[in-house]
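Working notes, beginning with the structure itself.
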Amino acid sequence: MAKLTINKEACKGCGLCVTACPKKILRVSQTVSNNQGYFVVEEIAPEQCIACAFCATMCPDCVITVEK
């Protein structure tokens with residue numbers, strides 16, 4: 001199973017990773033924000049992650065890591 005890690009304190013909630021995910025398992029949270037006030041990205045179905053790393057590649061701030 002793949003492991004996706006998001007550095008929520010560095011996430012700016014831009015949503016580029018959300019649109020890049022082929023499995024549509026990411027979303028920008030409507031309730032969880034970081035200390036800077038940005039609504040952060042969260043995984044909604046981690047068991048469906050295929051470790052393609054498209055999300056990490058698209059992230060302009062490099063806050064996502066993907067491990068197989």
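Position 1 is the first residue of the sequence; numbering continues from there. No experiment lies behind these values; they were computed from the predicted model shown.
Side-chain atoms of N34 come within 3.5 Å of backbone N or O of C11 as a donor-acceptor pair.
Within 6.0 Å of atom CD in Q30, 12 or fewer heavy atoms from other residues, nucleotides or ligands are found, so the atom counts as exposed in its surroundings. Other residues, nucleotides and ligands contribute more than 12 heavy atoms inside 6.0 Å of the NZ atom of K24.
Pairing each heavy atom of V66 with each of A51, the nearest pair is CG1-CA, 3.7 Å. Minimum interatomic distance between M58 and L16 (heavy atoms only, all atoms of both residues): O-CD1, 3.9 Å.
Residues I25 and V18 are members of one and the same hydrophobic cluster, defined by side-chain heavy-atom contacts under 4.5 angstrom among Ile, Leu, Val, Met, Phe, Trp and Tyr.
In this structure, SG on C55 lies 8.0 Å from CD on E43, to the nearest 0.5 angstrom. For the atom pair I50 CD1 and K23 NZ, the distance stands at 5.5 Å (nearest 0.5 Å). Atoms SG and NZ, from C52 and K68 in turn, are 9.5 Å apart once rounded to the nearest 0.5 Å.
Taking the side chain as every heavy atom from C-beta outward, K8 and E42 approach each other to under 4.5 Å. With a 4.5 Å cut-off on side-chain heavy atoms, L4 and L26 count as touching.
Here the rule is side-chain contact (heavy atoms from CB on, under 4.5 Å) with F54, and of P22, C59, C21 only P22 fits it. Remark: of the listed residues V63, V28, I64, I64 is the sole one forming a side-chain contact (heavy atoms from CB on, under 4.5 Å) with C17.
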